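Have a look at the structure below, then the notes.
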Amino acid sequence: MAHSLDLDPEVFLSTHRLIGKGEENDTTLRSLYYPPVNREKVKEDQLRCGEHSDYGSITLLFQSHEGGLQVLSRSGEYISAPVIPGTVLVNIADLMQRWTSDLFVSSVHRVLLPPAGDCSTRQSLAFFVHPDTDALITCIDGSNKYPPVKSGDYLIERFNDSYGRE
Ligand SMILES: O=C(O)CCC(=O)C(=O)O
Ligand SMILES: [Fe+2]
């Protein structure tokens with residue numbers, strides 16, 4: 001990713017040094033199990049996972065073969081992301097968009113219900129990658145498009161926006 005922006009890779013590497021080393025990095029692995037869908041109880045427009053973008057730098061997504069993931073294109077249409085066995089899907093997340101002054105755009109995505117009559121379950125693994133909690137994220141182009149923010153503070157802000165402040 002850094003090379004594609006003509007950047008020294010250390011810009012990203014040096015700010016992700018503490019993954020898996022303790023409390024100073026919020027990178028998380030989440031196992032998501034979606035149970036079979038009872039069609040009689042489905043509401044209109046119900047989804048398995050509602051439209052959102054992720055908060056950190058990137059997300060590595062491992063999906064089971066059932067599929068259902070869709071990504072919003074820049075022209076505003078949802079595109080199904082095919083499951084390609086043995087591959088990992090990489091989503092750009094919001095802090096990366098901010099960091100790169102919108103050169104990389106975070107992907108808005110959702111997970112659809114299976115088609116009617118399909119009782120399959122779905123399993124995915126999402127590895128939400130975050131910069132180190134104290135890493136100061138400033139626009140890499142030197143602009144002030146977004147004010148500098150510490151990775152950990154940004155995450156707390158996003159959690160508060162999503163789940164409500166105390
Ligand atoms: O289950 C999936 O494939 C996507 C899950 C997801 O987007 C998320 O948990 O942020
Ligand atoms: Fe997501």
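Hydrogens, waters and symmetry mates play no part in the numbers below; they use all other heavy atoms, side chains included. Keep in mind that this is a model prediction, so the values were computed, not measured.
Identified under the side-chain hydrogen bond (donor to acceptor under 3.5 Å, both in side chains) test for residues 32-41, with sequence neighbours left out: none.
At a threshold of 4.5 Å between side-chain heavy atoms, the hydrophobic network of Ile, Leu, Val, Met, Phe, Trp and Tyr places L29 and L61 in two separate groups. Both M1 and L7 sit in one connected hydrophobic cluster of ILVMFWY residues. Membership requires side-chain heavy atoms under 4.5 Å apart, directly or through other members. There is no path of hydrophobic side-chain contacts, each under 4.5 Å, that joins L60 to V105. Both V90 and L5 belong to a single network of hydrophobic side chains, linked directly or stepwise wherever heavy atoms of I, L, V, M, F, W or Y lie under 4.5 Å apart. Note: the hydrophobic cluster containing L69 also contains L32 (ILVMFWY, side chain heavy atoms under 4.5 Å, direct or indirect links).
Side-chain polar atoms of Q70 and S80 form a donor-acceptor pair below 3.5 angstrom. No side-chain donor from either of Y55 and S106 sits under 3.5 Å from a side-chain acceptor of the other.
Annotation: salt bridge (Lys or Arg N to Asp or Glu O under 4.0 Å) contacts of R110 (sequence neighbours excluded): none. Remark: Y154 engages no residue in a ring pair (Phe, Tyr, Trp, His ring centres under 6.0 Å) (not counting sequence neighbours). Looking at residues two or more places apart in sequence or on another chain, you find no ring pair (Phe, Tyr, Trp, His ring centres under 6.0 Å) involving F127.
When hydrophobic side chains of Ile, Leu, Val, Met, Phe, Trp and Tyr are connected at separations under 4.5 Å, L72 ends up clustered with Y78, V108. Within the hydrophobic cluster formed by Ile, Leu, Val, Met, Phe, Trp and Tyr side chains joined at under 4.5 Å, directly or through other members, V37 is accompanied by V42, L113.
Annotation: the span from T27 atom OG1 to K21 atom NZ amounts to 11.0 Å, rounded to 0.5 Å. The OG atom of S31 sits 5.0 Å away from the CG atom of L125 when rounded to the nearest 0.5 Å. Here the CG atom belonging to L89 is positioned 7.5 Å from the OG atom belonging to S107, to the nearest 0.5 angstrom. In this structure, CE in M96 is found 11.5 Å from CG in L103, a value given to the nearest 0.5 Å. How far CZ of F104 is from CD1 of I92: 5.5 Å, rounded to the nearest 0.5 Å. With rounding to the nearest 0.5 Å, the separation of CD in Q46 from CG in L112 is 11.5 Å.
Side chain of T28 to main chain of D26: a donor-acceptor pair is present (N/O by atom type, distance under 3.5 Å, no hydrogens or angles). Using a distance-only test at 3.5 Å, with no hydrogens or angles considered, no donor-acceptor pair links the side chain of E24 to the main chain of L18. Checked by atom type and distance alone, the side chain of H16 never pairs as donor or acceptor with a backbone atom of S14 at under 3.5 Å.
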Worksheet item: Going through the distances and angles, do I140 and V11 end up as a side-chain contact (heavy atoms from CB on, under 4.5 Å)?
Response: CA-CA 9 Å; I140 47 159; V11 173; 4.0 Å; yes

Item to complete: Just do the side-chain contact (heavy atoms from CB on, under 4.5 Å) check on R98 and S101 with the steps written out, would you?
Response: CA-CA 5 Å; R98 197 181 156 114; S101 296; over 6 Å; no

Practice prompt. Apply salt bridge (charged side-chain N to carboxylate O under 4.0 Å, His left out) to the pair R17 and E10, showing each step before the final yes or no.
Written response: CA-CA 10 Å; R17 290 245 189 272; E10 275 303 307; 2.7 Å; yes

Fill in: Worked verdict on E51 versus H109 for side-chain contact (heavy atoms from CB on, under 4.5 Å)
CA-CA 5 Å; E51 171 180 295; H109 51 282; over 6 Å; no

Worksheet item: How far apart are the C-alpha atoms of I137 and K150, what are their side-chain angles, what is the distance that settles it, and do they pass the side-chain contact (heavy atoms from CB on, under 4.5 Å) test?
Response: CA-CA 6 Å; I137 307 302; K150 275 195 187 176; over 6 Å; no

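Within the 4.5 Å cutoff, side-chain heavy atoms of P9 are placed close to those of H3. Counting only heavy atoms from C-beta outward, the side chains of S124 and R30 never approach each other to under 4.5 Å. Side-chain contact between T133 and S151 is absent, with no heavy-atom pair separated by less than 4.5 Å.
Nearest heavy-atom pair, V83 versus S64, reported as atom, atom and distance to 0.1 Å: CG2-O, 3.5 Å. Of all heavy-atom pairs spanning L155 and H130, the tightest one is CD1-CE1, 3.5 Å. Closest approach of R122 to E66, counting heavy atoms only: CA-OE1, 3.9 Å. The two residues A93 and G56 have their closest heavy-atom pair at CB-O, 3.1 Å. Of all non-hydrogen atoms in D132 and N25, the two that sit nearest each other are OD1-ND2, 2.7 Å. Between L95 and V149, the closest heavy-atom pair is CD1-CG1, 4.2 Å.
Taking the centre of each ring, W99 and F12 come in below the 6.0 Å mark.
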